[in-house]
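Predicted, not measured: the structure shown is a model, and the values here were computed from it. All residue numbers in this chain count up from 1 along the given sequence. Values below: all heavy atoms of this structure, side chains included; hydrogens, waters and symmetry mates excluded.
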Amino acid sequence: MSKPKINGTGKKEGVREMFNSIAGHYDFLNHFLSAGIDRQWRRHLIRSLSESHASNVLDIATGTADLAILAARKLHIQVVGADISEQMLRIGNAKVQQAKLDSLIKLEPGDAENLRFHDNYFDAAMVAFGVRNFENLQKGLSEILRVIRPGGNAFILEFSQPRMFPVKQFYSFYSKTVMPGAGRLISKNDGAYTYLPESVQAFPDGEAFLKEMSKAGFVNLREERMTFGIASLYIGQKP
């Protein structure tokens, strides 16, 4: 399978096909390729979410529901998870059932750029490693803003680009060489794990992404960089 487009029309369908293709290996590769650090990043998001006292949360690009499960388990809140990949949702639903959290979590097909929910419906929204896959970033951010209540927050966890020597050089080598090779070997997908570093490279991280959030209408913006800048948590509030 070829990799999705990094930008432009048709990216969304390519992303859906890619995640449907790698769904069965997704969780293992996430934890393996990050040496388990991705779990720490999600826990950091949940700690920040807990401070908002949200009780009704949307998890966009929920994937196999790792973040939704963590939020429901730790905070005992209602979570709706939406994703465009049917295969990722199938695995996510099985995990929710196994965790006995189906009374708190509902997963459903959903396009981040065309959310079905009413205005001001959720207390907060969260996205883990999903916004760089949006076909239209501004449309996706504007939809997130629309469905959360005034005063509510969006918590966006995403890969970023380390700037410190030698982390920057090591991460560049790892993401462009080791990650695609291991991903290709395990997932049998030629494009997925070359798309990942290329999409991170093309993504407007740091101040550039905060400007995108501001443009969409978010206020009180901040970025919290983690693990030498490999990942960042962006937080913005609806006025």
Side-chain angles (χ1 to χ4, degrees), residues 38-84 88-89 92 95-96 99 101-134 136-160 205 209-226 231-239:
D38 63 304
R39 293 185 174 98
Q40 296 179 24
W41 298 334
R42 289 185 179 87
R43 285 195 292 268
H44 184 99
L45 187 158
I46 296 303
R47 284 194 295 271
S48 295
L49 175 64
S50 70
E51 296 170 3
S52 74
H53 305 292
S55 60
N56 177 31
V57 176
L58 176 62
D59 181 25
I60 299 167
T62 191
T64 61
D66 271 357
L67 189 62
I69 289 170
L70 188 62
R73 181 177 284 152
K74 295 289 187 183
L75 306 180
H76 307 287
I77 59 175
Q78 296 287 329
V79 182
V80 175
D83 201 282
I84 61 173
M88 297 283 276
L89 288 173
K95 289 164 63 176
V96 169
L101 291 170
D102 46 298
S103 64
L104 293 176
I105 300 172
K106 178 185 177 184
L107 303 184
E108 60 180 60
D111 177 357
E113 297 163 41
N114 296 282
L115 295 169
R116 70 169 184 83
F117 308 102
H118 296 304
D119 296 358
N120 311 317
Y121 187 83
F122 293 97
D123 296 331
M126 54 187 185
V127 193
F129 309 111
V131 292
R132 76 179 187 287
N133 297 321
F134 291 178
N136 185 321
L137 179 58
Q138 271 301 308
K139 189 174 181 183
L141 291 175
S142 296
E143 277 289 271
I144 295 171
L145 185 78
R146 180 183 67 78
V147 300
I148 59 179
R149 61 172 175 77
N153 290 291
F155 301 86
I156 299 175
L157 180 60
E158 192 51 86
F159 289 111
S160 48
D205 78 319
F209 184 66
L210 292 176
K211 287 179 181 178
E212 293 289 341
M213 292 185 72
S214 177
K215 182 179 175 182
F218 287 97
V219 298
N220 298 328
L221 297 161
R222 71 180 190 268
E223 176 195 14
E224 298 173 2
R225 294 176 72 82
M226 297 173 286
S232 290
L233 175 62
Y234 302 94
I235 302 174
Q237 188 175 49
K238 181 171 181 175

Ile105 versus Ala68, closest heavy-atom pair with distance: CD1-O, 3.5 Å
Ile144 CD1 to Leu58 CG distance, which is reported to the nearest 0.5 Å: 8.0 Å
Criterion salt bridge (Lys or Arg N to Asp or Glu O under 4.0 Å) on Asp66 and Arg39, from CA distance to verdict: CA-CA 9 Å; Asp66 271 357; Arg39 293 185 174 98; over 6 Å; no
Rounded distance (nearest 0.5 Å) linking atom CG of Leu145 with atom CD of Glu143: 10.0 Å
Which atom of Leu141 lies closest to which atom of Ala216, heavy atoms considered: CB-CB, 3.7 Å
Backbone of Gly151 reached by a side-chain donor or acceptor of Gln237 within 3.5 Å: yes
Minimal non-hydrogen separation, Ala124 against Ile148, with atom names: C-CG2, 3.6 Å
Met126 vs Val79, side chain to side chain contact (heavy atoms under 4.5 Å, CB included): CA-CA, chis, key distance, verdict: CA-CA 10 Å; Met126 54 187 185; Val79 182; 4.1 Å; yes
By salt bridge (Lys or Arg N to Asp or Glu O under 4.0 Å) - contacts of Glu224 (at least two apart): Arg222
Arg146 side chain vs Leu115 backbone, donor-acceptor pair below 3.5 Å: yes
Val127, Leu107, Ile69 screened by side-chain contact (heavy atoms from CB on, under 4.5 Å) with Thr62, the one that passes: Leu107
Phe155 to Ile235 - nearest heavy-atom pair and separation: CD2-CG1, 3.8 Å
Shortest non-hydrogen contact from Arg225 toward Ser232: CG-OG, 3.5 Å
Atom pair CG/CG of Leu221 and Leu210 - distance to nearest 0.5 Å: 5.5 Å
Ile84 and Asn133: CA distance, side-chain angles, deciding distance, side chain to side chain contact (heavy atoms under 4.5 Å, CB included) verdict: CA-CA 11 Å; Ile84 61 173; Asn133 297 321; over 6 Å; no
Pair Gln40-Met226, side chain to side chain contact (heavy atoms under 4.5 Å, CB included): steps then yes or no: CA-CA 9 Å; Gln40 296 179 24; Met226 297 173 286; over 6 Å; no
Flag, side chain of Glu113 to backbone of Lys139, donor-acceptor distance under 3.5 Å: no
Candidates Phe209, Phe129, Tyr234 - the one meeting ring-ring contact (aromatic ring centres under 6.0 Å, His included) with Phe159: Phe129
Under 3.5 Å donor-acceptor, Gln138 side chain and Glu212 backbone: yes
Donor-acceptor contact below 3.5 Å, side chain Lys238 vs main chain Gly152: no
Where Leu75 and Ser50 come nearest, the two heavy atoms and their spacing: CD2-CB, 3.5 Å
OG-CD distance between Ser103 and Gln78, expressed to the nearest 0.5 angstrom: 7.0 Å
Gap separating the CG atom of Leu70 from the CZ atom of Arg43, nearest 0.5 angstrom: 7.5 Å
Between OG1 on residue Thr64 and NZ on residue Lys95, distance to nearest 0.5 Å: 3.0 Å
Backbone N/O of Ala71 and side chain of Arg42: donor-acceptor pair under 3.5 Å: no
Donor-acceptor under 3.5 Å (Asn56 side chain, Tyr121 main chain): yes
Worked verdict on Asp123 versus Ser55 for side-chain hydrogen bond (donor to acceptor under 3.5 Å, both in side chains): CA-CA 7 Å; Asp123 296 331; Ser55 60; 3.0 Å; yes
Heavy-atom check, side chain of Asp59 versus side chain of Val57, under 4.5 Å: no
Any Asp205 side-chain heavy atom under 4.5 Å of Arg132 side chain: no
Met213 and Ile156, any side-chain heavy atoms less than 4.5 Å apart: yes
